[in-house]
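Numbers here are sequence positions counted from 1. Just so you know, ligand 1 is whichever comes first in the structure, and atom 1 is the first atom listed for that ligand.
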Amino acid sequence: MNSNEIREKILKLKEEKKAIILAHYYQIPEIQDIADFVGDSLNLAQKAKETEAEMILFCGVHFMGETAKILNPNKKVIIPDLNAGCSLADSCKYNEFKKFKEQYPDHLVISYINCSAEIKTLSDIICTSGNAIQIVESLPKDQKIIFAPDKNLGGYINRLSGRNMVLWNGSCEVHELLTPEYVSKIKAESPDAILVAHPECNDSVLQLADFVGSTQAMIKHISNSENKHFLVATESGIVHKLKQDNPDKIFTIVTPNEGLVCNDCRHMKLNTMAKVLDSLENERYEIELSEYLISAAAKPINKMLDISKQLGILK
Ligand code: 13P
Ligand code: SF4
C-alpha cells in the first residue's frame, strides 16, 4: 500500500468507527495532518476530556493514552505502539516515589503530566508545561511542595517563583541533551535570531533563551513575533506547525551538537502511518487500567483542568 492509500484508509476507518485521532505536536507531519486535533499536553488532555467520539486513537506516548483513558473510562482508548514511553515517566517508579514522598509528610505533590497513572495516584495536582507556573503560584507562598518528575521544569519554577520545591531527579532525554556551549555557539552564529526554549531544557540553556514556554506557548510567541529567524530548543516535530503558521519565517532546530540534524524523541517517533492504520483496523493497543487507578488518578488531573479554567488558561 502506498502512503496515499494508507492515509485514505485511515480517514475512512476513522469515520466508520466514530473515532477521534488526537496527536501531539511531536508526531511526524503525516500523522499531524490526519489528526482531528493536534496539541500540546494541556490542550490534548482537555480535548480528551471533552470528546464525544466513541473511540480515541492517541498518537503520542503511553502516559498520554493513559490520561485520555482516565478522563474517559467508558471509551476505548488505543495507541499505535505500546513501546512509546517517556524518559520522564520511566524515571519515576511507584515504590521509589512513595518512599520519597514519605520523607516529606507535610508537602503537597505536584506532578508533571509526563508520569504514569500510578504516580498520578500519589499526586495532589497534575500540571503540564502550559500551566505549571500558574498552578504552583495558585498555592500559598509557604505551602511546601514536592515537584516530580522533571527537575528542569521544577528548577525553572523555583527560580521564577523564589520557592524551594523539593525536586524528583528526572529529566527529558531529548531536552536534557542540549548544552549551553553549543547553544551559545549557534546563537553567536545567528545574532539576529530569537532563541525559544522548552522548560524541560537545563537551566543553563534556559538562561540563554529569549523566550521560555510550553509547546503551545512557543507556537503562539513565534506567530506573534515580528522576527524572521528562530532558534528552537525543543523536539523537532514542532516545526511542522511552525511552518504551516509562518511560511515566511525560518526555523533552526537546536540540536545537542553539530552532527545531529534533528532533535527527535525516539518514543514519539515510534508512531508511523502504517501503525496508525493497524491500530484503527485491529482496535489495538488498548489502554486498560483498573477502576481504582482510574478514579484515583482522575482527581489530580481534574484538579489541574479546573484550576486552569479558573485561571483562564483553558476555556
Ligand atoms: P508540552 O506538550 O506540555 O509542551 O510537553 C512537551 C513534551 O515533552 C511532551 O512529552
Ligand atoms: Fe518524554 Fe521527552 Fe519524549 Fe516528551 S520528548 S515524550 S518528555 S522523552
Side-chain angles (χ1 to χ4, degrees), residues 22-28 31-32 35 37-48 58-68 79-92 110-116 119 126-135 147-154 156-157 168-178 196-202 205-206 209 211-222 232-242 253-256 260 262-271 301 304-305 308 313-314:
L22 303 180
H24 192 272
Y25 286 120
Y26 294 175
Q27 293 296 289
I28 57 169
I31 293 181
Q32 293 190 39
F37 181 80
V38 186
D40 71 354
S41 305
L42 181 58
N43 301 133
L44 284 165
Q46 186 188 32
K47 202 74 189 173
F58 207 116
C59 299
V61 291
H62 193 267
F63 76 81
M64 295 180 170
E66 280 190 341
T67 305
I79 58 174
D81 191 321
L82 268 184
N83 293 317
C86 166
S87 68
L88 272 168
D90 291 346
S91 78
C92 198
I110 301 186
S111 295
Y112 191 31
I113 200 163
N114 296 38
C115 65
S116 66
I119 295 299
I126 296 302
C127 70
T128 75
S129 58
N131 60 16
I133 294 164
Q134 293 93 327
I135 296 247
F147 190 89
D150 188 1
K151 65 175 180 189
N152 290 326
L153 177 59
Y156 175 64
I157 299 170
W168 178 262
N169 187 19
S171 59
C172 162
E173 64 188 20
V174 178
H175 294 88
E176 174 79 354
L177 286 179
L178 304 181
V196 297
H198 194 281
E200 287 172 13
C201 295
N202 283 303
V205 170
L206 297 179
F211 178 80
V212 177
S214 66
T215 308
Q216 194 65 55
M218 285 189 279
I219 290 169
K220 193 171 166 202
H221 181 80
I222 289 171
V232 185
T234 192
E235 212 271 357
S236 41
I238 190 177
V239 171
H240 184 56
K241 171 73 175 159
L242 292 176
I253 275 285
V254 179
T255 54
L260 277 177
C262 65
N263 206 33
D264 282 344
C265 169
R266 66 192 165 106
H267 305 287
M268 288 279 186
K269 297 304 195 277
L270 276 180
N271 296 331
I301 302 175
M304 165 187 85
L305 294 172
S308 300
I313 303 165
L314 288 178

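Cation-pi geometry between K47 and F37 is met: the NZ or CZ atom falls under 6.0 Å from the ring centre, inside 45° of the normal.
Using a 3.5 Å distance cut-off with no hydrogens or angles, the side chains of Y25 and Q216 do pair a donor with an acceptor.
Interface atoms of ligand 1 facing E200, defined by a heavy-atom separation under 4.0 Å, are 5 (O), 6 (C), 7 (C), 8 (O). Listed by number with element, the atoms of ligand 1 under 4.0 angstrom from any heavy atom of S129 are 1 (P), 3 (O), 4 (O), 5 (O). Those atoms of ligand 1 with a heavy atom of Y112 less than 4.0 angstrom away are 5 (O). Atoms of ligand 1 found under 4.0 Å from any heavy atom of S41 (numbered from 1 in listed order, with element): 1 (P), 2 (O), 3 (O), 5 (O), 9 (C).
Ring orientation note: the planes of H198 and H175 are tilted relative to one another, at an angle of 30° to 60°.
Taking distance alone, with nitrogen or oxygen atoms compared against 3.5 Å, T128 stays at or beyond that limit from ligand 1. Between S214 and ligand 1, no pair of N/O atoms sits closer than 3.5 Å.
At least one heavy atom of Y26 sits under 4.0 Å from some atom of ligand 2.
Nearest protein heavy-atom contact of atom 4 (O) of ligand 1 is T215 OG1, 2.5 Å. Summary of contacts: the protein heavy atom closest to atom 2 (O) of ligand 1 is H24 NE2, 2.7 Å. Residue, atom and distance of the protein heavy atom nearest to atom 10 (O) of ligand 1 are N114 ND2, 3.3 Å. Nearest protein neighbour of atom 6 (C) of ligand 1, counting heavy atoms only, is Y26 OH, 3.2 Å.
With values rounded to the nearest 0.5 angstrom, M268 atom CE is found 7.0 Å from E235 atom CD.
The backbone N or O of S171 sits nowhere less than 3.5 Å from a side-chain atom of D150 that would complete a donor-acceptor pair.
Neighbouring protein atoms of atom 2 (Fe) of ligand 2 (N, O or S, distance under 2.8 Å, waters ignored): C172 SG.
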